Peer 1: 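Structure below; questions to follow.
The chains referred to below are lettered A, B, ... by the order of the sequence lines, with proteins before strands, and numbering in each begins at 1. These numbers come from a predicted model, not from an experiment.
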Amino acid sequence: MRLTNFPLTTFKEVPAEAEVVSHQLMLRAGLIRRLASGLYSWLPLGLRVLHKVEAIIREEMDRAGALELLMPVVQPAELWRESGRWEEYGPELLRLSDRHNREFCLGPTHEEVITEIARNELKSYRQLPVNYYQIQTKFRDEIRPRFGVMRAREFTMKDAYSFHLDEASLLEGYETMRVAYDRIFKRLQLEFRIVQADPGAIGGSRSEEFHVLAESGEDAIAYCEADGYAANVETVAIPAAGGPPDEAKADFELVHTPDVRTMEELSAFLKVEPANCLKTLVVQGTDAPAVALLLRGHHELNRLKAEALPGVAQPLKMLGTTEVRDATGCEPGFLGPKDLDIPLYVDQAAVSLSDFVCGANQADHHFRGVNWDRDVPVPEVADLRNAVAGDPSPAGGGPLVIARGIEVGHIFQLGSRYSDSMKATVLNKDGKANAVQMGCYGIGVTRIVAAAIEQNNDDHGIIWPEAIAPFDVVLIPINMDKSYRVKEAADTLYRELHDAGFDALLDDRSQRPGVKFADADLLGIPHRLVIAEKAWDEGQIEYKSRRAAEAEMIPVASVAKFLAETRE
RNA sequence: CGGGGCGUGGCGCAGUCUGGUAGCGCACUUGCAUGGGGUGCAAGGGGUCGGAGGUUCGAAUCCUCUCGCCCCGACCA
């Protein structure tokens, strides 16, 4: 590509709407443009990257034996009613009607459609197992789209669905996909981790997420180097630890704590660590109007664990001020377990506290020097909290480390969730109808582009992994307008590299070198060649890797060979 | 949805409080010079100030309504 044929518009300034670095750089480098909230156009430069990501995914899916197909974005409500998700899915499902008033939705995912295909096409166990995939547009009406294409409403996803006669075959198919995903993310040259995930409302027995590690990631993941354990923080079952509480030393006393409501204020007012305080969260109950959950002050409630408790309403709902007052007769901010007349659960880590602080169930008062049994009976104990750094690994190998990740892939064993409700069966050897077992496997294609930038950038711009860079190499002629030799050299080299199979970008604009260097850096092209008259006459050319600090001189004659070797 | 903020040329912003008929930087066009890290000078083009209604002799500015966008939001008791 010659830059004179390419309307490149780069920005020096950071657009005000972009918060994370990948979004800023994608706008500045001219990869994407926003059309409306959560809707983005991919400009030619961005699309080149997207296509390279898609090509790698396609190659690996094909290699794993999956079959590509393409399903519609617009899907009939009827199918969604059959699976039960027309009601279940909620407002993220964008619903619409056609001119005949028939109801449709924009597909946020394609389980319904693929199951419809499967039940019509697959009749015999002899046709199984099979894995269908597509790379296609999804629409999810997110409450709050953000971070550019990272959480957009319309995005590209690779989704795959496998069909099996029995669970053993499903396990095999799942494993095949797991291996394929591992290959895909390695080829994309991203630093990633495979973590155990919550199978969630979709159901199924096993589920893993693929996370690209990045500070700006929306998910927290916990892992242990020693034993290889890795999981989304929300799913970590924390092993009971801590043992019995220390012997009580302090006297139980009521302290006046005027207007001290939050853990932060309490900790500062009484000069105690939040870890030695007990906080009381009140959630909606099923049998009783309210249920209290007790945690140490520095721990966070885990939503999934709380929802799993008997008597706690699903989905989890924290009660508001008035509701808390009605249920407990006490002002929020001063709640504690002593004489609290609603069902109580205490986190296992809070049981080993001694001489702790908690609310006194009367306005403007807390208790100090509280001890279990002596002052307050121990309520029902449960694992209620999110894992924090230093917690023991459930696999037993040592402490957990917490990192942030961007979820770019997710694989599920669905089982018969959809084949049951939508009656997708095949005949088995005995001629009997058998509900098929399903697996489903997703990759956020557009999100990968943003994740790759989050992980690879510097003050000058993007630093593409070579596998997905829009161009392999950029050629910058110096003083081309003045020197016919430079112009000729640049043209020759450009054609040579192109013929040798490189995606080369020739910056033949009448710009000063500084502008070209700045743009080359911003666009993040992995390799840069600078053609200058003097060096060229001596058979030399300047090469610089986007990742290197310094340039080096190499012989012109061996440029293609040099690049091929550098590229691996 | 609740809370906060912002809509002025393609991008970044000033002007709004205190009403007087729109400005700066980048980008773009032309010319001259310059020519190895966002070059200088000069001359240009481009904006119904998100939209509608109102107040006023006069509205980007004041009032009402509306649309769009961005940020925060279980709780941290």
Peer 1: Taking only nitrogen or oxygen atoms into account, show me every contact under 3.5 Å that the protein makes with nucleotides 72-76 of chain B, one pair per line with its distance.
Peer 2:
residue : atom : partner  : partner atom : Å
B:rC72  : OP2  : A:Arg144 : NH1          : 2.5
B:rC72  : OP2  : A:Arg144 : NH2          : 2.4
B:rC76  : O3'  : A:Met263 : N            : 3.0
B:rC76  : O2'  : A:Lys279 : NZ           : 3.3

Peer 1: Output the rounded distance in Å from OH (A:Tyr40) to P (B:rC69).
Peer 2: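 After rounding, the reported distance stands at 10 Å.
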
Peer 1: Should B:rG73 form a Watson-Crick or G-U wobble pair with both distances under 3.5 Å, which nucleotide is its partner?
Peer 2: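 Looking at the geometry, B:rG73 pairs with B:rC1.
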
Peer 1: Mind checking who B:rC32 pairs with, Watson-Crick or G-U wobble, both distances under 3.5 Å?
Peer 2: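 For B:rC32, the partner nucleotide comes out as B:rG40, under the 3.5 Å rule.
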
Peer 1: When the ring planes of A:Phe562 and A:Tyr543 are compared, do they come out parallel, tilted or perpendicular, using 30° and 60° as the limits?
Peer 2: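 Aromatic pair A:Phe562/A:Tyr543 classed perpendicular.
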
Peer 1: With sequence neighbours left out, which residue pairs that include part of residues 337-358 of chain A fulfil the salt bridge (charged side-chain N to carboxylate O under 4.0 Å, His left out) condition?
Peer 2: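 Residue pairs with at least one partner in residues 337-358 of chain A: A:Asp347-A:Arg385.
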
Peer 1: Would you mind reading off the distance between A:Arg485 atom CZ and B:rG35 atom C1', rounded to a whole angstrom?
Peer 2: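 Nearest whole value for this atom pair: 16 Å.
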
Peer 1: Could you tell me whether the side chains of A:Asn232 and A:Glu209 share a donor-acceptor contact shorter than 3.5 Å?
Peer 2: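 Indeed, the side chains of A:Asn232 and A:Glu209 share at least one donor-acceptor pair under 3.5 Å.
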
Peer 1: Please measure how far the C1' atom in B:rC13 lies from the corresponding atom in B:rG54, and state the result in whole Å.
Peer 2: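 Here B:rC13 and B:rG54 have their C1' atoms 30 Å from each other.
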
Peer 1: Can you tell me the distance, in whole Å, between the CZ atom of A:Arg34 and the P atom of B:rG7?
Peer 2: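 Spelled out: CZ on A:Arg34 to P on B:rG7 is 15 Å.
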
Peer 1: Would you measure the distance from the P atom in B:rC67 across to the matching atom in B:rC26 and give it in whole Å?
Peer 2: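 Result for the P pair: 38 Å, nearest Å.
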
Peer 1: Between B:rG51 and B:rA43, how far is it from one C1' atom to the other, in whole Å?
Peer 2: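 Each nucleotide's C1' atom is 36 Å from the other's.
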
Peer 1: Run the side-chain contact (heavy atoms from CB on, under 4.5 Å) test against A:Glu380 and tell me which residues pass, sequence neighbours left out.
Peer 2: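 Only A:Tyr345 meet the side-chain contact (heavy atoms from CB on, under 4.5 Å) criterion with A:Glu380.
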
Peer 1: Using OP1 and OP2 only, check whether a side-chain N or O of A:Ser37 sits under 4.0 Å from B:rC70.
Peer 2: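 Answer yes for this pair, as a side-chain N or O of A:Ser37 is under 4.0 Å from OP1 or OP2.
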
Peer 1: Just the rounded figure in Å: distance from P of B:rC69 to CG of A:Leu35.
Peer 2: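 Those two atoms, CG and P, are 10 Å apart.
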
Peer 1: Nearest 0.5 Å, please: how far is CG in A:Asp491 from CG in A:Leu506?
Peer 2: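 Those atoms lie 6.5 Å apart.
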
Peer 1: Between B:rA74 and B:rC69, how far is it from one P atom to the other, in whole Å?
Peer 2: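 Pairwise P distance, B:rA74 against B:rC69, rounds to 22 Å.
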
Peer 1: Show each protein N/O and nucleotides 12-15 of chain B N/O combination with a separation under 3.5 Å, one pair to a line.
Peer 2:
residue : atom : partner : partner atom : Å
B:rG12  : OP1  : A:Ala16 : N            : 3.1

Peer 1: Can you measure A:Leu27 atom CG to B:rA27 atom P for me and round it to whole angstrom units?
Peer 2: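 That distance rounds to 18 Å.
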
Peer 1: Go nucleotide by nucleotide along RNA chain B from the 5' end; which of A:Asp481 and A:Leu278 gets its closest nucleotide reached first?
Peer 2: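 Whichever sits nearer the 5' end wins; that is A:Asp481.
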
Peer 1: For B:rC57 versus B:rG5, give the span between their P atoms, rounded off to a whole number of Å.
Peer 2: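 That atom pair is separated by 33 Å.
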
Peer 1: Could you write out each protein N or O paired with an N or O of nucleotides 37-41 of chain B at a distance under 3.5 Å?
Peer 2:
residue : atom : partner  : partner atom : Å
B:rG37  : O6   : A:Arg528 : NH1          : 2.6
B:rG37  : O6   : A:Arg528 : NH2          : 3.2
B:rG37  : N1   : A:Asp521 : OD2          : 3.1
B:rG37  : N2   : A:Asp521 : OD2          : 2.5
B:rG38  : O2'  : A:Lys12  : NZ           : 2.9
B:rG38  : N1   : A:Asp519 : OD1          : 3.4
B:rG38  : N2   : A:Asp519 : OD1          : 3.2
B:rU39  : O4'  : A:Arg512 : NE           : 3.4

Peer 1: Under 4.0 Å between any heavy atoms, over every strand shown, what does A:Thr280 touch: base, sugar-phosphate, or nothing? Just pick one.
Peer 2: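 Base: the residue A:Thr280, judged by heavy atoms under 4.0 Å, touches a nucleobase.
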
Peer 1: Not counting sequence neighbours, list each pair that qualifies as a salt bridge (charged side-chain N to carboxylate O under 4.0 Å, His left out) and has a residue in residues 17-33 of chain A.
Peer 2: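 For residues 17-33 of chain A, and leaving out neighbouring residues, the salt bridge (charged side-chain N to carboxylate O under 4.0 Å, His left out) pairs sorted by first residue read A:Glu17-A:Arg34.
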
Peer 1: Within this structure, what is the CE-to-C1' distance between A:Met150 and B:rC71, rounded to whole angstrom?
Peer 2: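 The answer, rounded to whole Å, is 16 Å.
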
Peer 1: Enumerate the salt bridge (charged side-chain N to carboxylate O under 4.0 Å, His left out) contacts for residues 139-150 of chain A, please, sequence neighbours excluded, ordered by first and then second residue.
Peer 2: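 Salt bridge (charged side-chain N to carboxylate O under 4.0 Å, His left out) check on residues 139-150 of chain A returns A:Asp141-A:Arg153, A:Glu142-A:Arg151, A:Arg146-A:Glu218.
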
Peer 1: Can you tell me the base-pairing partner of B:rC6? Count Watson-Crick or G-U wobble geometry only, both distances below 3.5 Å, and say none if there is no partner.
Peer 2: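 WC or wobble partner is B:rG68.
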
Peer 1: According to the Watson-Crick and G-U wobble definitions, with both distances under 3.5 Å, which nucleotide is paired to B:rC62?
Peer 2: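 Base partner found: B:rG54.
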
Peer 1: Whole angstroms only, please: what is the CG-C1' distance between A:Leu8 and B:rC11?
Peer 2: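 Whole-Å distance recorded here is 14 Å.
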
Peer 1: Name all pairs fulfilling the ring-ring contact (aromatic ring centres under 6.0 Å, His included) condition that reach into residues 264-292 of chain A, sequence neighbours left out, sorted by first residue then second.
Peer 2: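 Those involving residues 264-292 of chain A do not exist here.
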
Peer 1: Mind calculating the distance between CG (A:Leu43) and C1' (B:rG10) to the nearest angstrom?
Peer 2: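 That distance rounds to 12 Å.
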
Peer 1: Can you confirm whether A:Glu538 is buried at CD, in the sense that more than 12 heavy atoms of other residues, nucleotides or ligands lie under 6.0 Å from that atom?
Peer 2: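 Atom CD in A:Glu538 is packed in, count exceeds 12.
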
Peer 1: Using the C1' atom on both, measure B:rG46 against B:rG4 and round to a whole Å.
Peer 2: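 Going atom to atom, C1' in each nucleotide, I get 35 Å.
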
Peer 1: Roughly how many Å apart are B:rG47 and B:rG10, using the P atom of each and rounding to a whole number?
Peer 2: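 Between the two P atoms, the distance is 9 Å.
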
Peer 1: Please, which pairs that meet salt bridge (charged side-chain N to carboxylate O under 4.0 Å, His left out) have at least one residue in residues 299-308 of chain A, sequence neighbours excluded?
Peer 2: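 Listed once each, the pairs are A:Arg303-A:Glu307, A:Lys305-A:Asp383.
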
Peer 1: Starting at the 5' end of RNA chain B, which residue's closest nucleotide do you reach first, A:Phe334 or A:Ile531?
Peer 2: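 With A:Phe334 and A:Ile531 compared, the 5'-side residue is A:Ile531.
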
Peer 1: Just by distance, no angles: are the side chains of A:Ser483 and A:Glu533 close enough, under 3.5 Å, to form a donor-acceptor pair?
Peer 2: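 Yes.
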
Peer 1: Can you check the distance between B:rC71 and B:rG12, where both ends of the measurement are the P atom (answer in whole Å)?
Peer 2: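 Their P atoms lie roughly 14 Å apart.
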
Peer 1: I'd like to check the side-chain contact (heavy atoms from CB on, under 4.5 Å) partners of A:Ser41; sequence neighbours left out, ordered by chain and number.
Peer 2: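 Here no residue qualifies.
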
Peer 1: Using side-chain contact (heavy atoms from CB on, under 4.5 Å) as the criterion, list what pairs up with A:Val21, not counting sequence neighbours.
Peer 2: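 Applying side-chain contact (heavy atoms from CB on, under 4.5 Å) to A:Val21 gives A:Gln24, A:Leu25, A:Glu454, A:Asn457.
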
Peer 1: Determine which pairs satisfy ring-ring contact (aromatic ring centres under 6.0 Å, His included) with at least one residue from residues 9-39 of chain A, sequence neighbours left out, and list them in order.
Peer 2: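 Listed once each, the pairs are A:His23-A:Tyr40.
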
Peer 1: Could you identify the nucleotide paired to B:rA22, looking across every strand shown and requiring Watson-Crick or G-U wobble geometry with both distances under 3.5 Å?
Peer 2: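 When the pairing criteria are applied, nothing turns out to pair with B:rA22, so the answer is none.
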
Peer 1: Which nucleotide, if any, forms a Watson-Crick or G-U wobble pair with B:rU48, using both distances under 3.5 Å?
Peer 2: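 Result: none.
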
